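Note that the structure is a prediction, hence the values are computed from the model and not measured.
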Amino acid sequence: MTVLRTIESKLEALFEGIFGRAFRANVQPVELARKLVKEMDEHRNVSVSRVYVPNEYTIYLSPDDRKQFADYEDSLRDELQEYIAAHARREGYVLLSPPRVRFETDADLELGMFGIATRLTHTGRQKQPDAPASQAAPGATMIYNAAAARPEPVEVAAVTVNGRSYELEDERTVIGRSKDADIQLPDPNVSRRHAEVRREGEGFVLVDLDSTNGIEVDGRRVRRLELDDGTRFTIGSTELVFSREPRS
C-alpha cells in the first residue's frame, strides 16, 4: 500500500470513527482530501523542466461544519497536509514549501458545502530560476456541495492479488513494481509502472503502460482490456482477478 493509500485509509478510518459521529450529515474529511488533490492538479504551473503546484490551500466551511471540526481541527489539518504532500511526490510536482492547509469560516455557505482557494507563494527559500512568481492573494474559490454529490455506492470494484483485495476508488489505479504504485507487485517480471486500471463511465478498463512484458489474458498479450466481474489477467508472473460485488 502506498503512502497516499495509507493516508486515505487513515482519513476514512477517522471519518468512520471519531469524525464520523459528528459528520454524518456534514462535510466528510475524505471529501476535503480528494478535492484538495483535485485543486492541486487543476492549478499546475508548467515551467521548462518542472511542474509547480500551489503550496497554500484555504478551506472555507459553513459555521456548522466548522463547529463540528472544533475538537479535531489540528489533527485533521496535519492529515490533509500529509495527504497532498504525498500526492505531489507521486505525481512529480514541485512545491515551493511544504503544503499548508488553513480553515476559515464563511457564513454564506450552507451545511455540507465548502470552498477551496489555492495560492502559490515563495516562503523565504531561494527562488528557482524557472519558478513562477508568487501570487499576491489566493485565486478564485471553488465551491463544492459535498452533500448533494454524495451518492450511495451500490457496488465495490476491486482487484485481488494473492488473496489480498484492493478496492478501486480512484479514477486511475497504477499497478507495478514501484513502491509508489497503488497496487505494488514484488515480481521481477513486472515493470515499475506496468499497467493502469481506469474508470470509464460505469465500467473499468486495464491499459498497458508500455511495459516490458505486457498483459496476458488466456496466454494472449493485450494492450487494453475491458474488465468484467471475474476477469483474470496476468502481469509478469502474477495473476490478478477483477471483481464487482454489491456493497454490504
Side-chain angles (χ1 to χ4, degrees), residues 1-44 52-106 109 111-121 123 138-139 141-147 149-150 153 156 166-174 179-184:
M1 181 176 288
T2 65
V3 172
L4 188 68
R5 290 281 188 190
T6 301
I7 296 169
E8 184 162 288
S9 296
K10 287 168 65 179
L11 282 168
E12 288 173 339
L14 285 171
F15 169 65
E16 290 301 327
I18 296 173
F19 291 135
R21 290 192 292 272
F23 289 101
R24 291 298 176 186
N26 301 59
V27 172
Q28 299 178 9
V30 73
E31 290 170 338
L32 296 178
R34 289 169 177 162
K35 295 307 182 185
L36 284 170
V37 163
K38 181 176 184 292
E39 289 296 307
M40 175 181 283
D41 290 340
E42 293 188 353
H43 289 86
R44 291 172 294 181
Y52 292 91
V53 290
N55 51 337
E56 289 190 1
Y57 298 80
T58 303
I59 299 174
Y60 297 94
L61 297 166
S62 70
D64 287 338
D65 279 314
R66 182 78 184 275
K67 187 186 304 180
Q68 299 297 325
F69 280 107
D71 294 336
Y72 321 109
E73 191 170 288
D74 289 343
S75 60
L76 178 58
R77 181 188 298 109
D78 291 343
E79 295 285 352
L80 292 172
Q81 290 174 165
E82 187 179 355
Y83 183 91
I84 59 177
H87 179 74
R89 288 193 298 270
R90 186 179 73 162
E91 297 298 325
Y93 296 155
V94 177
L95 290 157
L96 296 179
S97 69
R100 180 188 177 198
V101 173
R102 297 190 304 121
F103 290 103
E104 297 286 351
T105 302
D106 187 337
L109 291 174
L111 183 71
M113 298 181 68
F114 64 94
I116 298 177
T118 68
R119 181 181 177 217
L120 188 150
T121 180
T123 55
T141 302
M142 184 67 184
I143 302 297
Y144 295 97
N145 189 339
R150 193 182 297 159
V156 178
Y166 298 84
E167 285 193 23
L168 303 176
E169 298 179 338
D170 298 327
E171 293 298 312
R172 300 189 175 200
T173 302
V174 174
K179 64 180 181 181
D180 294 326
D182 300 307
I183 301 177
Q184 185 180 2

Are the side chain of Q81 and the backbone N or O of D78 linked by a donor-acceptor pair below 3.5 Å?
no

Between D65 (side chain) and G112 (backbone), is there a donor-acceptor pair under 3.5 Å?
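Yes, the answer is positive, given that a donor and an acceptor are paired below the 3.5 Å cut-off.
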
Report the C-alpha separation of I143 and M113 in whole Å, then their side-chain angles, then the decisive distance to 0.1 Å, and conclude whether the side-chain contact (heavy atoms from CB on, under 4.5 Å) test is met.
CA-CA 7 Å; I143 302 297; M113 298 181 68; 3.6 Å; yes

With the threshold set at 4.0 Å, does a side-chain nitrogen-carboxylate oxygen contact exist between [X] and [Y]?
X	Y	value
E73	R66	yes
K38	D41	no
E39	K35	no
E42	R44	no

[X] [atom1] to [Y] [atom2] distance, which is reported to the nearest 0.5 Å:
X	Y	atom1	atom2	value
T121	E56	OG1	CD	5.5 Å
E91	D180	CD	CG	10.0 Å
F114	L109	CZ	CG	10.0 Å
L95	R89	CG	CZ	9.5 Å
E31	R34	CD	CZ	8.0 Å

Side chains of [X] and [Y]: does their closest heavy-atom pair fall under 4.5 Å?
X	Y	answer
L80	R77	no
L36	I116	yes
P54	R119	no

Before you tell me yes or no, could you show the steps for L61 and I59 under side-chain contact (heavy atoms from CB on, under 4.5 Å), namely the whole-Å CA-CA distance, both residues' side-chain angles and the distance that decides it to 0.1 Å?
CA-CA 6 Å; L61 297 166; I59 299 174; 4.1 Å; yes

Check against salt bridge (Lys or Arg N to Asp or Glu O under 4.0 Å), E104 and R102:
CA-CA 7 Å; E104 297 286 351; R102 297 190 304 121; 2.7 Å; yes

Looking at residues at least two apart in the chain, or sitting in another chain, which of them share a ring-ring contact (aromatic ring centres under 6.0 Å, His included) with Y57?
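Result, ring-ring contact (aromatic ring centres under 6.0 Å, His included) vs Y57: none returned.
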
Taking only residues two or more places apart in sequence or in another chain, which ones pass ring-ring contact (aromatic ring centres under 6.0 Å, His included) with Y60?
none

Mind checking whether F69 and F103 have parallel, tilted or perpendicular rings, split at 30° and 60°?
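Rings of F69 and F103: parallel, under 30°.
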
Member of L96, I84, V94 meeting the side-chain contact (heavy atoms from CB on, under 4.5 Å) criterion with N55:
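The single option meeting the side-chain contact (heavy atoms from CB on, under 4.5 Å) with N55 is L96.
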
